[in-house]
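First comes the structure, then the notes that go with it.
Sequence positions, counted from 1, serve as the residue numbers for this chain. Source: prediction; values computed, not measured. All values below come from the heavy atoms of this structure, side chains included, with hydrogens, waters and symmetry mates left out.
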Amino acid sequence: MTTTLLRTAGELHARARAGRRAVVMTMGALHEGHATLIRTARGIAGPDGEVVVTVFVNPLQFGKGEDLDRYPRTLDADIELAGQSGADVVFAPSVDEVYPGGEPEVRITAGPMGERLEGSSRPGHFDGMLTVVAKLLHLTRPDLALYGQKDAQQLALIRRMVRDLNFGVEIVGVPTVREEDGLALSSRNRYLSAAERRTALALSGALFAGQDRHAAQEALRARAREVPATRARAEALSAIGESRAAADTHAVATAVPGGPAAVRAAARQVLDEAARLDPPLALDYLALVDPSDFTEIGDDFTGDAVLAVAARVGATRLIDNIPLTFGSFGAAS
């Protein structure tokens with residue numbers, strides 16, 4: 001389809017609108033993860049709606065020593081990918097268009113949630129992110145905006161901002177897209193050498209290890225609930241050659257649901273092994289958090305959680321996460 005490049009909000013506002021406008025916000029260097037967001041937006045907006053992809057490298061999101069200058073700018077390729085994925089418009093404003101008076105004196109503050117995990121590692125990052133998201137929502141005037149779940153803390157903060165400040169827009173989260181080897185798609189993956197990429201696979205490997213441990217524990221606990229309590233349980237399991245499972249089942253049945261500590265331990269083992277590789281993985285954080293506020297969950301937690309990791313491999317910093325549900329007596333979501 002033909003995709004129109006617009007540089008100013010005035011040009012965008014002048015377009016005739018019929019159906020719903022869906023916006024996908026990016027900093028460019030588009031990849032298959034962005035393409036998935038755009039295709040999802042196209043499906044939601046429908047043939048009568050409009051999909052707008054913003055391409056803007058926001059200087060407020062980069063701290064001292066971060067990669068603002070070397071962040072890839074590939075607008076021509078971005079327009080092509082956006083069009084192939086179903087975008088009607090690529091909105092690529094200049095810094096002066098977004099910040100006409102220079103860096104804004106008044107900004108959105110992320111609050112306590114914005115000071116945890118990514119916020120602790122990158123002070124001020126989320127204030128800058130929320131400020132530009134707020135401005136781009138005003139500049140593009142969408143009915144809905146889509147964001148990837150790979151940036152789980154960012155997504156949670158955008159949802160909180162929209163709710164707390166009464167933005168009239170629907171926020172849609174789209175699951176993380178991964179490469180065949182499991183590495184989460186990111187514009188920064190291109191910085192990795194072949195050896196660094198092998199080490200970087202520990203991020204997704206750690207998450208999958210935690211997910212597997214969680215699923216095994218939940219399945220074992222579900223089995224314990226299905227077998228009659230007390231001695232009958234052990235006898236039933238022993239009768240089919242599972243005497244050890246009877247003991248394990250009893251232990252899990254009387255323990256807390258799902259075992260957050262065991263999930264953390266399984267993930268950390270993979271990361272500890274990666275720290276001894278060449279090149280090594282330098283762990284920033286591993287966290288198992290409540291997605292409503294990104295605080296660590298306790299051993300008695302039930303409900304949805306996020307297992308998140310951030311690390312450096314060489315000069316490249318990567319993040320990843322996976323959702324889990326504790327106390328559901330089923331597999332991870």
Side-chain angles (χ1 to χ4, degrees), residues 31-33 36-37 116-122 147-157 173-189 191-192 196-220 257-277 279-299 301-314 316-328 330-333:
H31 50 63
E32 180 57 28
T36 298
L37 286 168
R116 300 173 185 131
L117 300 188
E118 285 298 290
S120 176
S121 298
R122 306 175 66 190
Y147 302 89
Q149 292 179 356
K150 183 178 80 70
D151 297 297
Q153 193 171 4
Q154 170 179 284
L155 175 59
L157 282 163
V174 178
T176 300
V177 178
R178 300 184 179 277
E179 301 193 37
E180 289 185 4
D181 58 9
L183 189 67
L185 283 173
S186 170
S187 301
R188 291 186 169 94
N189 289 353
Y191 300 151
L192 298 169
E196 288 171 342
R197 185 185 176 88
R198 287 192 292 272
T199 297
L201 292 175
L203 274 81
S204 56
L207 298 179
F208 296 151
Q211 182 184 52
D212 289 346
R213 179 66 59 86
H214 168 269
Q217 290 179 328
E218 291 285 310
L220 191 58
V263 170
R264 291 187 183 95
R268 183 168 289 277
Q269 181 178 351
V270 175
L271 298 169
D272 287 346
E273 292 171 357
R276 297 189 288 270
L277 297 177
L281 180 142
L283 182 64
D284 189 344
Y285 62 75
L286 172 68
L288 186 54
V289 299
D290 183 336
S292 69
D293 58 9
F294 271 70
T295 58
E296 288 281 350
I297 65 171
D299 284 340
F301 181 86
T302 59
D304 293 335
V306 172
L307 181 62
V309 63
R312 288 188 181 275
V313 182
T316 305
R317 185 176 185 276
L318 300 170
I319 64 172
D320 201 352
N321 70 84
I322 200 165
L324 301 171
T325 301
F326 287 87
S328 65
S333 58

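- Of the possible donor and acceptor atoms, none in the side chain of Gln217 sits under 3.5 Å from a partner among the backbone N and O of Ala262.
- For the pair Thr176 and Ala184, the tightest heavy-atom approach, listed with the atom from each and the gap, is CG2-CB, 3.9 Å.
- Asp284 and Ser121 share a side-chain donor-acceptor pair at under 3.5 Å.
- With hydrogens and angles disregarded, a donor-acceptor distance shorter than 3.5 Å links the side chain of Ser204 to the backbone of Leu201.
- Between Arg264 and Glu296, at least one side-chain nitrogen of the basic residue sits less than 4.0 Å from a carboxylate oxygen of the acidic one, meeting the salt-bridge criterion.
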Show the numbers, then the answer: is there a side-chain contact (heavy atoms from CB on, under 4.5 Å) between Glu273 and Arg268?
CA-CA 9 Å; Glu273 292 171 357; Arg268 183 168 289 277; over 6 Å; no
Given side-chain contact (heavy atoms from CB on, under 4.5 Å), test Asn189 with His31 step by step and report yes or no.
CA-CA 10 Å; Asn189 289 353; His31 50 63; over 6 Å; no
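- His214 places a side-chain N or O within 3.5 Å of a backbone atom of Thr325 that can act as its donor or acceptor partner.
- Residues Leu271 and Val309 are in side-chain contact: their nearest non-hydrogen atoms beyond the backbone lie under 4.5 Å apart.
- In terms of heavy-atom proximity, Glu118 sits nearest to Gln153 at N-OE1, 3.2 Å.
- Looking at Lys150 and Ile319, their side chains come closer than 4.5 Å, going by heavy atoms from C-beta outward.
- Tyr191 and Glu196 share no donor-acceptor pair across their side chains, judged by distance under 3.5 Å alone.
- The closest donor-acceptor contact from the side chain of Arg276 to the backbone of Leu281 lies at 3.5 Å or more, if one exists at all.
- Here the shortest heavy-atom pairing between Pro279 and Thr199 reads O-OG1, 2.7 Å.
- Considering all non-hydrogen atoms of both residues, Ala305 and Pro291 come closest at CA-CD, 3.7 Å.
- Asn321 is not listed as a side-chain neighbour of Leu307, based on a closest heavy-atom distance of 4.5 Å or more.
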Step by step, work out the side-chain contact (heavy atoms from CB on, under 4.5 Å) result for Leu324 and Val306.
CA-CA 6 Å; Leu324 301 171; Val306 172; over 6 Å; no
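- Leu283 contributes atom CG, which lies 8.0 Å from atom CG of Asp272 (distance to the nearest 0.5 angstrom).
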Walk me through whether Val270 and Leu207 qualify under side-chain contact (heavy atoms from CB on, under 4.5 Å).
CA-CA 9 Å; Val270 175; Leu207 298 179; over 6 Å; no
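- With contacts defined as side-chain heavy-atom distances shorter than 4.5 Å, the pair Thr36/Val174 qualifies.
- Judged purely by atom type and a 3.5 angstrom limit, Asp320 has no side-chain atom pairing as donor or acceptor with the backbone of Ala206.
- A salt bridge does not link Arg178 to Glu32: none of the charged side-chain nitrogens sits closer than 4.0 Å to a carboxylate oxygen.
- The side-chain heavy atoms of Asp304 and Phe326, taken from C-beta on, include no pair separated by under 4.5 Å.
- Looking only at atom types and distance, the side chain of Thr295 has no donor-acceptor partner in the side chain of Asp290 under 3.5 Å away.
- A pairwise comparison of heavy atoms in Leu286 and Ala267 identifies CD2-CB, 3.9 Å as the closest pair.
- Minimum heavy-atom separation, Leu192 to Ala200: CD1-CB, 4.0 Å.
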